[in-house]
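Whatever order the structure lists them in is the order used to number ligands and atoms, beginning at 1.
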Amino acid sequence: MSKTRFMTLARFIIEQEKLHPEATGELSKLLHDLSLAAKIISLEVNKAGLVDILGFTGEANVHGEKVKKLDMFAHEVLVKAMDHGGHLCAMASEEEEGLIHIPPYHNIGKYVMLFDPLDGSSNIDVNISIGTIFSIYKRVSPDGKPGTMDDMIQPGFKQVAAGYVVYGSSTMLVYTAEHGVHGFTLDPAFGEFLLSHENIQIPKRAHIYSINEGNYLYWHPGLKKYIKFLQEEHKEDNRPFSSRYIGSMVADIHRNLLYGGIFMYPADSRNPNGKLRLMYECNPMAFIVEAAGGRASNGKERILEIKPEKLHQRMPIFIGSEYDVKLVEEFLAREE
Ligand code: AHM
Ligand code: MG
């Protein structure tokens with residue numbers, strides 16, 4: 001029987017640490033706290049249909065959207081699981097406008113964490129996969145004090161770790177701390193994340209595209225041509241591509257990461273900045289996909305090099321298999 005089948009996330013993290021003697025172990029502890037939050041959220045997501053947790057809270061989040069109870073639950077679990085570990089100096093969540101301050105004596109850690117507690121929340125009521133996304137940076141403000149906005153507003157290439165949890169037919173946690181992208185499946189009987197996908201590499205070429213085609217009318221002409229190109233027949237090129245769009249970024253990108261694919265949430269004439277958030281969605285997913293050998297851009301620039309302006313800013317994104325992301329960039333450039 002394979003040894004890796006019994007590799008828990010906790011053990012894997014310790015073994016990774018041994019490979020990097022310079023590591024202080026703080027990041028490992030942080031990931032450990034995160035995995036606890038993921039287990040609690042997973043439990044709650046799985047019984048969402050059984051308890052009275054569905055429906056709207058009646059409140060709106062900072063983007064003016066209705067917030068469902070499970071989003072707030074996930075947000076609170078993450079804050080509570082992470083704010084006493086002593087590894088962070090501040091946090092930020094897609095569900096909260098400003099910085100999340102960490103209680104005194106615990107707020108001088110050397111990292112900051114940004115997260116989207118429950119992405120794809122419009123899918124909660126219909127039993128479709130949703131996810132949690134997280135992004136970790138080293139602080140840039142002086143040590144020994146609470147974190148500041150400068151610690152948060154850093155370009156994506158400065159991330160030291162990023163990951164997501166997908167609550168699907170099983171719950172999986174996928175993360176990278178720069179040394180490969182690794183996936184762990186939650187065994188519901190043991191309550192442990194077990195290594196199931198070591199060193200994930202995204203196929204260089206895709207045969208799946210994921211985009212909300214309902215917005216076709218509003219797209220850039222180059223994007224319209226690119227999608228038509230994917231639908232033409234060309235056997236050597238694997239075209240026509242299959243179209244797969246769940247409407248949950250985490251689940252769409254997770255599938256593309258394993259099978260090869262391109263996920264797009266472009267700018268369009270109604271939403272010139274796209275829909276997804278640079279700090280909570282684009283940067284962490286770009287960090288993971290690049291670490292798996294893929295590519296992520298906003299159509300012109302590498303996502304990870306974009307200098308953020310504010311916490312909740314939106315950004316168009318084209319992410320996935322390297323060849324395909326390059327190609328869509330070319331189609332967009334031709335129509336400038
Ligand atoms: P959310 O953060 O409000 O859940 O929105 C993000 C989600 C992504 O998971 C998904 O890719 C996208 O919104 C789908 O948007 P649309 O319904 O416009 O296609
Ligand atoms: Mg989201």
Can you confirm whether more than 12 heavy atoms, excluding those of Tyr259, are under 6.0 Å from its OH atom? no

Would you confirm whether [X], through its side chain, and [Y], through its main-chain N or O, come within 3.5 Å as a donor-acceptor pair?
X      : Y      : result
Arg139 : Lys145 : yes
Gln159 : Gly156 : yes
His312 : Glu97  : yes
Asp151 : Thr148 : yes
Glu290 : Phe287 : no
His197 : Thr185 : no
Asp268 : Asn271 : yes

Counting only heavy atoms closer than 4.0 Å, does ligand 1 sit against the backbone of [X], its side chain, both, or neither?
X      : result
Leu276 : side chain
Asp119 : both
Ser121 : both
Phe263 : side chain
Val250 : neither

Does an N or O anywhere in Leu118 fall below 3.5 Å from an N or O of ligand 1?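 No; the residue has no nitrogen or oxygen that sits under 3.5 Å from a nitrogen or oxygen of the ligand.
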
Would one find an N or O of Ser122, backbone or side chain, under 3.5 Å from an N or O of ligand 1? no

Is there a path of hydrophobic side-chain contacts, each under 4.5 Å between heavy atoms, that joins Val112 and Ile288? yes

The Mg ion (ligand 2) - closest N/O/S atom in [X]:
X      : answer
Glu94  : OE1
Asp116 : OD2
Glu281 : OE2
Asp119 : OD1

Can Tyr280 be said to touch ligand 1, with heavy atoms closer than 4.0 Å?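 No; Tyr280 lies far enough from ligand 1 that no heavy-atom distance drops under 4.0 Å.
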
Just which atoms of ligand 1 are under 4.0 Å from any heavy atom in [X]?
X      : result
Asn212 : 16 (P), 18 (O), 19 (O)
Glu281 : 2 (O), 6 (C)
Asp116 : 2 (O)
Ser248 : 9 (O)

Axial cation check for Phe331 ring with Arg334, 6.0 Å and 45° limits: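 Yes; both conditions hold, so Arg334 lies above the ring face of Phe331.
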
Given Arg277, Glu94, Met249, Lys275, identify the one with the heavy atom nearest to atom 15 (O) of ligand 1.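 Among Arg277, Glu94, Met249, Lys275, the closest heavy atom to atom 15 (O) of ligand 1 belongs to Lys275.
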
Residues in side-chain hydrogen bond (donor to acceptor under 3.5 Å, both in side chains) with Arg255, at least two apart? Ser210, Asp252

